[in-house]
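Every chain is numbered from 1, with letters handed out A, B, ... down the list of sequences. Because only heavy atoms are used, hydrogens play no part in the values below, and waters and symmetry mates are left out as well, while side chains stay in.
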2 protein chains.
Amino acid sequence: MLDWTLLRSFLAVIDTGSLSAAAERLGLVQPTVGRHIRELEETLGAPLFRRQPRGLEPTPAALDLVEDARRMGEAAMALERKASGAGDSLAGTVRVTASRMVATYLLPDIVAALHVEEPAVDIEIVASDETQNLLRRDADIALRMYEPRQAQLVRRRIGDIPLAVYAAPAYLARRGTPATLADLLDHDIIGLDRADELLQGFARFGMPVPREWFPIRCDDHVVGWQMVIAGAGIGFVQVPIAEAEPRVVRLPVEDIGFALPLWLAYHEDLRPNRRVRFVADRLADGLARRINSRETR
Amino acid sequence: MLDWTLLRSFLAVIDTGSLSAAAERLGLVQPTVGRHIRELEETLGAPLFRRQPRGLEPTPAALDLVEDARRMGEAAMALERKASGAGDSLAGTVRVTASRMVATYLLPDIVAALHVEEPAVDIEIVASDETQNLLRRDADIALRMYEPRQAQLVRRRIGDIPLAVYAAPAYLARRGTPATLADLLDHDIIGLDRADELLQGFARFGMPVPREWFPIRCDDHVVGWQMVIAGAGIGFVQVPIAEAEPRVVRLPVEDIGFALPLWLAYHEDLRPNRRVRFVADRLADGLARRINSRETR
DNA sequence: ATTTATCCATGCAGAAATGAATATCGTGTC
DNA sequence: GACACGATATTCATTTCTGCATGGATAAAT
């Protein structure tokens with residue numbers, strides 16, 4: 001009977017295209033995965049990959065086996081999802097993914113309160129602006145700024161996070177305080193939070209500007225926000241985050257009417273999992289309270 | 001990420017009901033499987049089995065996982081079937097199951113010739129009158145006396161093996177030679193080859209007899225046939241087998257018109273497997289030749 | 001043409017899993 | 001009630017596997 005560990009490595013190599021990447025995904029090390037593949041080839045009596053400088057290219061014989069290997073992998077992941085909800089106690093870990101901004105400025109208070117209430121629940125935060133794959137269990141719960149579309153996900157709309165214009169007093173003392181949106185054209189704007197959509201928003205207001213209009217651009221929103229705080233420029237920032245920061249002030253320009261929808265999602269297999277539901281409920285409650293209490297201010 | 005080896009052991013324990021039986025099926029040893037289960041329970045944080053004197057009884061939590069584990073197992077077996085013919089050489093093993101009679105008296109010549117033709121092909125004979133599971137790969141090729149019904153099997157009807165009445169000269173010298181079927185009622189008949197159907201056959205000829213009519217009954221056809229050869233009684237024997245045995249003679253009674261259909265079957269996943277096809281072809285040819293050359297004699 | 005960045009293969013020491021032997025427990029039987 | 005049987009737990013020596021460090025090879029980039 002075939003060793004299933006070899007098949008798991010086989011699938012990982014097929015998916016990633018190289019021994020090194022497969023090893024990282026499996027939490028192993030490249031020589032181990034290489035030995036797995038070699039052992040599998042010896043057992044089956046047929047070469048499965050052609051070793052190439054860029055990685056391993058599957059042979060036709062290997063491609064014949066991919067479908068079944070993938071079925072195994074999907075079944076294993078489904079089993080893992082179901083198993084994680086098997087325990088009665090809340091003890092265990094829940095992985096939560098959120099954007100860097102949300103993870104940095106909104107989650108800490110909520111997670112702290114949650115951990116006081118249920119110390120047995122461990123929280124792992126995956127702070128990333130890239131979409132994590134809930135189907136592949138990159139995380140248990142995802143907080144996203146758009147509606148999740150996959151059918152197997154349970155999704156809940158928490159609310160809309162409004163954006164407004166903020167700057168540090170030091171900046172305003174140096175450059176003056178803009179009173180209207182049009183005034184912003186003469187100021188240094190730091191690209192934050194969906195810069196592309198902000199550009200479209202400006203266009204809607206009759207002020208088409210090119211991407212280069214932002215004098216400071218940064219792919220990390222947290223860094224950009226720190227620059228606003230430091231007085232490097234003006235930023236369009238999520239109101240619940242900015243209002244908690246005393247070192248900036250909201251500018252008296254018109255409301256830009258732009259908001260980010262906030263969604264919470266998890267895999268439907270995790271629905272009966274009390275631990276995941278507990279965390280999801282606390283996250284949704286805490287985020288909704290912060291969104292609603294600030295946006296009218 | 002979960003260790004797939006643990007899941008394989010989990011499935012085996014679910015299927016067999018005990019650590020010991022699971023270990024035997026996996027080619028492992030009971031303490032190893034026990035450790036696998038314990039490690040899986042620790043990883044998942046939930047008990048999966050209740051240890052009982054008769055074995056391990058799955059908990060509800062375990063039953064939730066069975067379906068996915070079985071999907072993994074089925075995918076693994078399908079992969080194994082497809083992989084078994086991956087190499088382009090014929091080298092390798094083919095497991096053939098057949099009834100004890102066929103395996104003992106018809107297969108040896110065929111297998112010998114086959115092995116001369118292709119020494120790289122190893123043959124494993126599973127001589128059993130119990131149905132082996134081709135889906136679970138108990139054997140690669142099955143020779144059966146009835147039509148296989150499972151949809152996933154490739155089946156080929158080889159022909160009908162006729163039955164006739166034989167006895168040893170020593171027996172006939174002692175008890176006389178019956179000339180008609182009716183005369184058999186005064187003789188010692190050894191139950192061979194589907195005794196139940198033979199009884200029904202006698203009833204069709206207007207001679208209903210009870211099961212106890214057979215003075216010597218034996219669940220092993222080979223043993224019964226050896227008794228016929230030794231002169232212990234008269235037997236209804238497969239013609240191709242009996243005609244090759246010089247120590248018995250065919251009795252001049254009417255043709256009983258009874259024949260056993262002979263089928264060859266293998267899993268459709270094995271269809272592209274050159275080795276299995278080779279063995280299947282040689283078996284079908286050899287058996288058909290023996291059936292047809294003898295039945296008219 | 002040289003450099004650089006990946007990626008795979010190999011040798012070796014340490015860690016982990018395995019198997020054999022044995023102890024223990026509960027059940028069914030005489 | 002004593003005993004035998006079949007099952008799971010435990011212990012320990014050994015094998016096996018894993019991970020680290022290093023070498024070698026190829027393709028893209030400067």
Which nucleotide wins on minimum distance to the side chain of [X], given the candidates [options]?
{"X": "A:Arg51", "options": "C:dT18, D:dT8, C:dA9", "value": "C:dA9"}
{"X": "A:Leu28", "options": "D:dG19, D:dT8, C:dG19", "value": "D:dG19"}
{"X": "A:Ser20", "options": "D:dT10, C:dC7, D:dG19", "value": "C:dC7"}
{"X": "B:Pro31", "options": "D:dT10, C:dC8, D:dG19", "value": "D:dT10"}

Salt bridge between [X] and [Y], side-chain N to carboxylate O under 4.0 Å?
{"X": "A:Arg100", "Y": "A:Asp129", "result": "yes"}
{"X": "A:Asp68", "Y": "B:Arg81", "result": "no"}
{"X": "B:Arg51", "Y": "B:Glu41", "result": "yes"}

Quick check on [N]: is either OP1 or OP2 less than 4.0 Å from any side-chain nitrogen or oxygen of [X]?
{"X": "B:Ser18", "N": "D:dA7", "answer": "no"}
{"X": "A:Arg38", "N": "C:dT10", "answer": "yes"}
{"X": "B:His36", "N": "C:dT18", "answer": "yes"}

To the nearest Å, give me how far apart [atom1] ([X]) and [atom2] ([N]) are.
{"X": "A:Glu57", "N": "D:dT26", "atom1": "CD", "atom2": "P", "value": "16 Å"}
{"X": "A:Glu24", "N": "D:dC20", "atom1": "CD", "atom2": "C1'", "value": "17 Å"}
{"X": "B:Gln30", "N": "C:dA17", "atom1": "CD", "atom2": "P", "value": "18 Å"}

Identify whether any heavy atom of A:Arg50 sits under 4.0 Å from a base atom; if not, whether one sits that close to sugar-phosphate; answer base, sugar-phosphate or nothing.
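Contact class for A:Arg50: none.
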Using a heavy-atom cut-off of 4.0 Å across all strands, would you classify B:Gly55 as base, sugar-phosphate, or nothing?
sugar-phosphate
Using heavy-atom distances to pick each residue's nearest nucleotide on DNA chain C, tell me which of A:Arg35 and A:Leu56 is more 5'.
A:Leu56
Is the backbone of A:Val126 close enough, under 3.5 Å, to the side chain of A:Thr97 for a donor and an acceptor to pair up by distance?
yes
